[in-house]
Amino acid sequence: MAINLSKGQKIDLTKTNPGLSKITVGLGWDTNKYDGGKDFDLDVSVFLANADGKVETEKNFVFFNNPQNENGSVVHTGDNRTGEGDGDDEQIKVDLSSVPANVEKIAFTITIYEAQERNQNFGQVSRAYARIVNEANNEELVRFDLGEDFSIETGVVVGELYRHNGEWKFNAIGSGYQDGLAGLTRDYGLA
């Protein structure tokens, strides 16, 4: 049974699940119906950061146009442009045992594509979540529901996998950005 996390909670992944190596991080959301006349396109981006919280090479910024990191240990499975239907809208596959040693954190973010131009923000997004599934048996290990805490934000750091004493943990962050992807890339050292 999955452990439901609240914002700010941290959980051991590999320590409590011996042998855990390949996981899928699924992210999903719904958009509220509104009359803005433009489609919503939310995108998952992944920042593979060093101990200082910075991405050392653009290859370690994984998104729909760069679907995997330098050694293929983190793979974006594809862009969902509508968010229609139930279940995960976008997924990231991670082979924890193959993540390069210089990567200490893997941050999972959701941004709204062309949010400014389309006059959209996370106040119009509902039921956003992240979950971690063990690929070996398809068991959902962790779930984090973001809640409705956002209004004017156009980007959110949902959570991050991070190394601690040789084990992988997950931190449910839920931190919003008013300047979306631009703010995220700046804070992770890519701008």
Side-chain angles (χ1 to χ4, degrees), residues 2-3 5 9-29 42-81 87-111 113 128-144 146 155-175 177 181 183-191:
I3 296 172
L5 298 182
Q9 277 189 296
K10 298 177 181 175
I11 187 169
D12 278 308
L13 276 181
T14 53
K15 196 174 188 178
T16 52
N17 298 285
L20 180 68
S21 173
K22 295 188 177 186
I23 61 171
T24 299
V25 179
L27 297 104
W29 53 80
L42 276 67
D43 294 314
V44 172
S45 300
V46 184
F47 296 88
L48 286 77
N50 60 22
D52 296 326
K54 302 300 181 196
V55 175
E56 293 178 2
T57 168
E58 286 192 11
K59 197 69 179 149
N60 282 343
F61 170 43
V62 176
F63 64 110
F64 61 87
N65 273 339
N66 180 45
Q68 68 179 34
N69 69 323
E70 55 198 348
N71 74 344
S73 58
V74 177
V75 178
H76 192 301
T77 64
D79 187 15
N80 177 331
R81 294 183 174 217
D88 299 340
D89 290 306
E90 293 188 14
Q91 293 182 328
I92 308 294
K93 295 192 176 292
V94 181
D95 183 348
L96 296 170
S97 62
S98 298
V99 172
N102 64 322
V103 174
E104 293 287 325
K105 295 178 181 175
I106 303 173
F108 298 88
T109 68
I110 303 174
T111 56
Y113 182 69
Y129 70 85
R131 67 190 193 111
I132 298 176
V133 176
N134 182 346
E135 275 190 32
N137 59 11
N138 223 19
E139 178 189 1
E140 185 176 294
L141 302 173
V142 176
R143 185 176 184 95
F144 172 42
L146 280 168
V156 176
V157 177
V158 178
E160 67 185 13
L161 292 167
Y162 67 100
R163 289 186 213 251
H164 181 73
N165 295 333
E167 301 286 351
W168 284 99
K169 294 184 169 196
F170 181 76
N171 181 8
I173 295 177
S175 175
Y177 276 71
L181 192 57
L184 289 163
T185 54
R186 178 192 65 236
D187 284 4
Y188 284 104
L190 287 169

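- Residues Thr14 and Leu20 approach most closely at CG2-O, 3.9 Å, considering heavy atoms.
- Minimum interatomic distance between Asp187 and Lys54 (heavy atoms only, all atoms of both residues): O-NZ, 2.8 Å.
- By the 4.5 Å heavy-atom criterion applied to side chains, Leu161 and Ile132 are counted as neighbours.
- Thr77 places a side-chain N or O within 3.5 Å of a backbone atom of Gln91 that can act as its donor or acceptor partner.
- Listed here is the closest heavy atom pair of Leu181 and Ser45: CD1-OG, 4.1 Å.
- Once rounded to the nearest 0.5 Å, the distance linking CD1 of Ile11 with CG of Leu141 reads 8.5 Å.
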Report the C-alpha distance between Lys93 and Thr24 in whole Å, list the side-chain angles of each, state the deciding distance to 0.1 Å, and finish with yes or no for side-chain contact (heavy atoms from CB on, under 4.5 Å).
CA-CA 4 Å; Lys93 295 192 176 292; Thr24 299; 3.3 Å; yes
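- To the nearest 0.5 angstrom, Ser175 atom OG is 10.5 Å from Leu146 atom CG.
- Scanning both residues, Gly28 and Asp89, for their nearest heavy atoms gives CA-OD2, 3.2 Å.
- One distance of note links CZ of Phe61 with OH of Tyr188; it measures 11.0 Å at 0.5 Å rounding.
- How far CG of Asn17 is from CD of Glu139: 7.0 Å, rounded to the nearest 0.5 Å.
- Every residue two or more places apart in sequence or in another chain that forms a salt bridge (Lys or Arg N to Asp or Glu O under 4.0 Å) with Lys169 is listed here: Asp12.
- Summarising the local packing, NZ of Lys15 is surrounded by 12 or fewer heavy atoms from other residues, nucleotides or ligands at distances under 6.0 Å.
- Nearest heavy atoms, Leu42 versus Glu90: O-OE2, 3.3 Å.
- Every residue two or more places apart in sequence or in another chain was checked for a salt bridge (Lys or Arg N to Asp or Glu O under 4.0 Å) with Glu167, and none qualifies.
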Decide side-chain contact (heavy atoms from CB on, under 4.5 Å) for Leu48 and Val55; before the verdict, give the C-alpha distance in whole Å, the side-chain angles of both, and the deciding distance to 0.1 Å.
CA-CA 6 Å; Leu48 286 77; Val55 175; 5.7 Å; no
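- Asp43 places no side-chain N or O within donor-acceptor distance of the main-chain N or O of Phe63, the cut-off being under 3.5 Å.
- Counting heavy atoms from C-beta outward, Trp168 and Val94 have side chains that stay 4.5 Å or more apart.
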Intermediate values then yes/no, side-chain contact (heavy atoms from CB on, under 4.5 Å), Phe144 and Val158
CA-CA 8 Å; Phe144 172 42; Val158 178; 4.1 Å; yes
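- At least one side-chain heavy atom of Val44 sits under 4.5 Å from a side-chain heavy atom of Trp29.
- Note: Tyr177 OH to Thr109 OG1 = 9.5 Å, rounded to the nearest 0.5 Å.
- Counting non-hydrogen atoms of neighbouring residues, nucleotides and ligands closer than 6.0 angstrom, the OH atom of Tyr129 exceeds 12 such neighbours.
- Using a 4.5 Å cut-off on side-chain heavy atoms (C-beta onward), Lys10 and Tyr162 make contact.
- A search for side-chain hydrogen bond (donor to acceptor under 3.5 Å, both in side chains) contacts involving Arg163 returns nothing, not counting sequence neighbours.
- Contact check for Pro100 versus Asn69: side-chain heavy atoms found under the 4.5 Å cut-off.
- Of all non-hydrogen atoms in Val103 and Ile106, the two that sit nearest each other are CG1-CG1, 4.0 Å.
- Between Leu184 atom CG and Phe47 atom CZ the span is 5.0 Å, to the nearest 0.5 Å.
- Counting only N and O atoms by type, the side chains of Glu58 and Asn66 include no donor and acceptor under 3.5 Å apart.
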